[in-house]
Participant: 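Can you read through this structure? Questions will come right after.
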Amino acid sequence: MDDTSPFEPTVLGAMWKYKWVAILIVVATTGSAVTYALLSPLSYQAVSTLVIEDPRATSLFDIGNVQNPQRYVADQAAILSSVTVAERADKVDPTLGGPEPILDGLEVILDTTSNVIDVVFTADTPERAVASANAVTSAYAGIRTENASASFTAALDQLDNSIRDVEDQIDGLQNLIEAALGEDAPTDALGAQLSQSLARLVLLQDELPGATGTQLVEVRGEIDDVFRQLQTSLALANLQQQNPELTLLFEEQRQTVLRKADLLQRRDELSVESQLASNGIVVSSAATFADEVGVDLGRLGAFGLIFGALIAAGATYIIALQRRTFVDRSQPQMVLGVPILAEIPEFRSERIKGEVPVRSDPTSVAAESFRFIAAALDVEAEARQSDAKGNHLADPIAPLLRIFAVVSPSLGDGKTTVTANTALALARQGKRVLVIDGDFGHQKLSNLLTGGRPHEVGLTELVEDGLPFEYVAQRIPMGDRAELDLVGRGQAQVSAPDFFRSAGVKVFFEGIHDEYDIILVDTPPLLHVAYASQLVRYADRVLIVVGHGQNVAPTEELANRLAFLDTEIVGYAYNRAPLRAAKSGSEGSLRDVLGHSHSVTPSLSGENR
């Protein structure tokens, strides 16, 4: 009963079903996009091009690790789009209006296969577009130059500090060596030689800061020669004085002097690099003109079309989801879980005049459909009451099924028309039939069966005033041996909800149960009128009327309501269905349904409401 998947709409199906809604949405969105394109003001676009390269990649000396070129270009593109560059550009040209307008009009485009970056600026005038693009490029170049200069300055300062520290170490070691030589003076000859070497070492050390290039290499060579002389002299002195401490001091002094030489060499290289320092911009092509650009009419129109189609798909799907309808006679069975008793065609398709074809057009397909319902109810009426599991009881003394309530979810489903025609078909089959018009607010059934002349007394007088049943039951002329009685509302003033809950009504239904072969009760719409549920509780079974094209949701709700009332469904009638060719072709076979030839007089109009 819960399987409603066949009624779930598809997107394409929903768009086709509600194609005019979809077309309206698509036309509206596309028209809005085109209108926007036509009314949008012109703008101008200028381009400044930069070719950049990591400065470390072209360094004369090894000054650090070189970054991946593509990563470097991507980083620089991010810097170009930063607030820092926008603020600097605003300082370069204060007429640009501030960092925010600059960032709004700026677009940085990089080529992933090269080191080219395009600085694109869009503005309302060509002059502003050119000025803004060039200001951003100039700001970026200035920031890069300043950063490079600051970096070299910091590095040189650090090297100067390191050199001063090394010089202090050398001076300290020199003092320690002189003190050691003073305590253990070697022979005069060796002492003089050591003194000369030390003096020469001091002179060479003083020459280091001023030496550059090949001069620095030569000074370092002489320092090595002096240290070798010192080592020789020291070795001879040690043979005489056995003082290994001097050897260690001389070696430490040599290493410190060489470290100073390395630092000086590094400083010299960095000084050269700082003079040749690059901001990373290999080529800078300033913007000289701006192209006129407008909204791409074709592209925006296509966007509006696609966007409108998406909105239309969603909107029509939601509509279709809310308006799931029955389009085939077998579909209600998936919701109700009971069989179809008859498919009733639209009366107009057979040109039936009026709403009672069983009486006016007995050989029509519609009349035959009502006879199908009558036959099904007749078979059901011969059965016994069911047990709790829905199985028919074999007990011969169990009460027969007599009372059938005809229900539908909403107004206009054709429930009353089905009740009237089914009652006539049952009576014509020789059954003793009673019809109760339980729709107190409408009483259409009474008017249909009596031609607009119902009894002035009815069920209300029977229950409230105690009138005998034979006074309130109205015999409907049928001819032959047919018996059809009608009990309408009557004229007594009652509240329908209170009336149908009263003990008198319950006693009436219990007393009338076995007086007829079949009793049909026409009820108000079950989902609209509350007292319809009380009427249904007096019935043994219910017959549901489902209209072709009817919304699925009310039928689902109806099934849930009947399950709550613990009322069993005998089946459903599929009303107002299109007349199928297979049925319309059986007209000849229907001519003898009344036991004699009967011609059908076509009418101009008619419908089953």
Participant: Take H548 and Y574 through the test ring pair (Phe, Tyr, Trp, His ring centres under 6.0 Å) and record every step on the way to the result.
Facilitator: CA-CA 7 Å; H548 176 75; Y574 192 66; 5.7 Å; yes
Participant: Side-chain contact test, heavy atoms from C-beta onward, threshold under 4.5 Å: evaluate it for L562 versus I569 and give yes or no.
Facilitator: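 Counting from C-beta outward, L562 and I569 do come under 4.5 Å.
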Participant: Do the side chain of D498 and the main chain of S495 share a donor and acceptor less than 3.5 angstrom apart?
Facilitator: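 No, the answer is negative, given that no donor and acceptor are paired below the 3.5 Å cut-off.
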Participant: Measure from the side-chain N and O atoms of D517 to the backbone N and O of R432, and report whether any donor-acceptor pair falls under 3.5 Å.
Facilitator: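 Looks like yes, one N/O pair under 3.5 Å.
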Participant: Tell me if a side-chain donor or acceptor on E368 pairs with a main-chain N or O of T363 at a distance below 3.5 Å.
Facilitator: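 Between the backbone of T363 and the side chain of E368 there is no qualifying donor-acceptor contact (under 3.5 Å).
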Participant: Under 6.0 Å from the six-membered ring centre of F404 and within 45° of its axis: does the NZ or CZ of R541 meet both?
Facilitator: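 No, cation not above the ring by the 6.0 Å, 45° rule.
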Participant: Can you measure from OG1 (T419) to CG (L543) and round to the nearest 0.5 angstrom?
Facilitator: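 It is 7.5 Å, given to the nearest 0.5 Å.
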Participant: Closest approach of A312 and V26, non-hydrogen atoms and distance?
Facilitator: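 What the structure gives for the nearest pair is CB-CG2, 4.1 Å.
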Participant: Verify, without hydrogens or angle tests, whether T29 (side chain) and G304 (backbone) share a donor-acceptor contact under 3.5 angstrom.
Facilitator: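 Yes.
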Participant: More than 12 heavy atoms of other residues, nucleotides or ligands under 6.0 Å from CZ of F509: yes or no?
Facilitator: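 Enclosed.
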Participant: Between S369 and E343, is there a donor-acceptor pair closer than 3.5 Å when you use the side chain of the first and the backbone of the second?
Facilitator: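 Yes; judged by distance alone, with no hydrogens or angles, the pair exists.
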Participant: State the CG-CG distance between L448 and L486, to the nearest 0.5 angstrom.
Facilitator: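 Going from CG on L448 over to CG on L486, the span is 10.5 Å.
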Participant: State, yes or no, whether a side-chain contact exists between I340 and S330 at a heavy-atom distance under 4.5 Å.
Facilitator: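 I340 does not reach S330 side chain to side chain.
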Participant: Give the C-alpha distance, both sets of side-chain angles, the deciding distance and a yes or no for side-chain contact (heavy atoms from CB on, under 4.5 Å) between F347 and D361.
Facilitator: CA-CA 10 Å; F347 290 175; D361 299 88; over 6 Å; no
Participant: Once rounded to the nearest 0.5 Å, what's the spacing between atom CG of L558 and atom CG of L336?
Facilitator: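 Spacing of CG (L558) from CG (L336) equals 7.0 Å.
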Participant: Donor-acceptor pair, distance only, cut-off 3.5 Å: does the side chain of T460 make one with the backbone of R489?
Facilitator: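 Side chain of T460 to backbone of R489, a donor-acceptor pair under 3.5 Å: yes, one is there.
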Participant: Do S349 and E346 have side chains that approach each other closer than 4.5 Å (heavy atoms only, starting at C-beta)?
Facilitator: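 When only atoms from C-beta onward are counted, E346 and S349 do touch, with a gap below 4.5 Å.
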Participant: Which atoms form the tightest heavy-atom contact between A342 and F372, and what is the distance?
Facilitator: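 Scanning both residues completely, I find the closest heavy atoms to be CB-CB, 3.9 Å.
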Participant: Do D124 and Y44 come within less than 4.5 Å of each other through their side chains, counting heavy atoms only?
Facilitator: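 A side-chain contact under 4.5 Å is absent here.
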Participant: Could you tell me which non-hydrogen atom of V338 sits nearest to which non-hydrogen atom of G571, and how far apart they are?
Facilitator: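 That would be CG2-CA, 3.8 Å.
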Participant: Can you say whether the rings of Y516 and F469 are parallel (under 30°), tilted (30 to 60°) or perpendicular (over 60°)?
Facilitator: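 Because their plane-to-plane angle is over 60°, the rings of Y516 and F469 count as perpendicular.
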Participant: Which pair of heavy atoms, one from L106 and one from S81, lies closest together, and at what distance?
Facilitator: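 Closest heavy-atom pair between L106 and S81: CD2-CA, 4.2 Å.
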Participant: Is any side-chain N of the basic residue among R475 and E470 closer than 4.0 Å to the acidic one's carboxylate O?
Facilitator: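 Between E470 and R475 there is no salt bridge, as every charged N stays at least 4.0 Å from the carboxylate O atoms.
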Participant: Evaluate Y317 against M15 for side-chain contact (heavy atoms from CB on, under 4.5 Å), listing each step before the verdict.
Facilitator: CA-CA 7 Å; Y317 181 80; M15 292 186 72; over 6 Å; no
Participant: Can you tell me if N551 and T325 form a side-chain donor-acceptor pair at under 3.5 Å?
Facilitator: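 No, T325 and N551 have no side-chain donor paired with an acceptor closer than 3.5 Å.
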Participant: Donor-acceptor pair, distance only, cut-off 3.5 Å: does the side chain of Q443 make one with the backbone of G488?
Facilitator: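 Looks like no, no N/O pair under 3.5 Å.
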Participant: With a 6.0 Å cut-off on the ring centroids, do F499 and F440 count as close?
Facilitator: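 So the answer is yes for these two rings.
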Participant: For V335 and V552: C-alpha separation, side-chain torsions, deciding distance, then whether side-chain contact (heavy atoms from CB on, under 4.5 Å) applies.
Facilitator: CA-CA 8 Å; V335 175; V552 175; 4.2 Å; yes
Participant: State, with a plain yes or no, whether a side-chain heavy atom of V407 is found less than 4.5 Å away from one of V545.
Facilitator: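 No - every pair of side-chain heavy atoms lies 4.5 Å or more apart.
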Participant: What residue among I512, L434, D540 forms side chain to side chain contact (heavy atoms under 4.5 Å, CB included) with R402?
Facilitator: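 Single side chain to side chain contact (heavy atoms under 4.5 Å, CB included) partner of R402 among I512, L434, D540: D540.
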Participant: How far does OG1 of T555 sit from CG of N560, to the nearest 0.5 angstrom?
Facilitator: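 Here the interatomic distance stands at 11.0 Å.
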Participant: Using a 6.0 Å cut-off, check whether atom NZ of K506 has over 12 heavy atoms from anything other than its own residue.
Facilitator: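 No, not enclosed.
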Participant: Would you find a donor on one side and an acceptor on the other, under 3.5 Å apart, between the side chain of N421 and the backbone of T417?
Facilitator: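 Flag set: sc N421 to bb T417 pair under 3.5 Å.
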Participant: Quick check for you: to the nearest 0.5 Å, what is the distance between L445 atom CG and L449 atom CG?
Facilitator: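 It is 4.5 Å, given to the nearest 0.5 Å.
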Participant: Would you check if E556 and R324 make a side-chain contact, meaning some heavy-atom pair closer than 4.5 Å?
Facilitator: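 In short, these two side chains touch, coming nearer than 4.5 Å.
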Participant: So, for V108 and I117, which heavy atoms are closest and what is the spacing to 0.1 Å?
Facilitator: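 Shortest heavy-atom separation between V108 and I117 comes out as CG1-CG2, 3.6 Å.
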Participant: Measure the shortest side-chain to side-chain distance between L462 and V487 over non-hydrogen atoms and say whether it is less than 4.5 angstrom.
Facilitator: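 Not touching, per the 4.5 Å side-chain cut-off.
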Participant: Can you name the one residue among Y538, Y531, F508 that meets ring-ring contact (aromatic ring centres under 6.0 Å, His included) with F500?
Facilitator: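 By the ring-ring contact (aromatic ring centres under 6.0 Å, His included) criterion, F500 pairs with just one of Y538, Y531, F508: Y531.
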Participant: Keeping Q534 on the side-chain end and R501 on the backbone end, is there a donor-acceptor pair under 3.5 Å?
Facilitator: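 No.
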Participant: Please evaluate residues T316 and W16 with respect to the criterion side-chain contact (heavy atoms from CB on, under 4.5 Å), reporting the C-alpha separation (whole Å), side-chain torsions for both, the decisive distance (0.1 Å), and the verdict.
Facilitator: CA-CA 9 Å; T316 54; W16 176 251; over 6 Å; no
Participant: Any donor and acceptor pair, going by atom type alone, linking the side chain of N575 with main-chain N or O of D413 inside 3.5 Å?
Facilitator: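 Side chain of N575 to backbone of D413: a pair is present.
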Participant: Do the charged groups of E355 and K444 touch, with an N to O distance under 4.0 Å?
Facilitator: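 Answer for the salt bridge query: yes.
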Participant: Report yes if some heavy atom in the side chain of V47 is under 4.5 Å from a heavy atom in the side chain of I109; otherwise report no.
Facilitator: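 V47 does not reach I109 side chain to side chain.
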Participant: Which pair of non-hydrogen atoms, one from A423 and one from L484, has the smallest distance, and what is that distance?
Facilitator: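 Of all heavy-atom pairs spanning A423 and L484, the closest is CB-CD1, 4.0 Å.
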Participant: If you count heavy atoms of other groups shown closer than 6.0 angstrom to CD of Q493, is the number above 12?
Facilitator: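 No, not enclosed.
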Participant: To the nearest 0.5 Å, how far apart are CG in L80 and CD in E107?
Facilitator: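 Answer for the CG-CD pair, L80 versus E107, is 12.5 Å.
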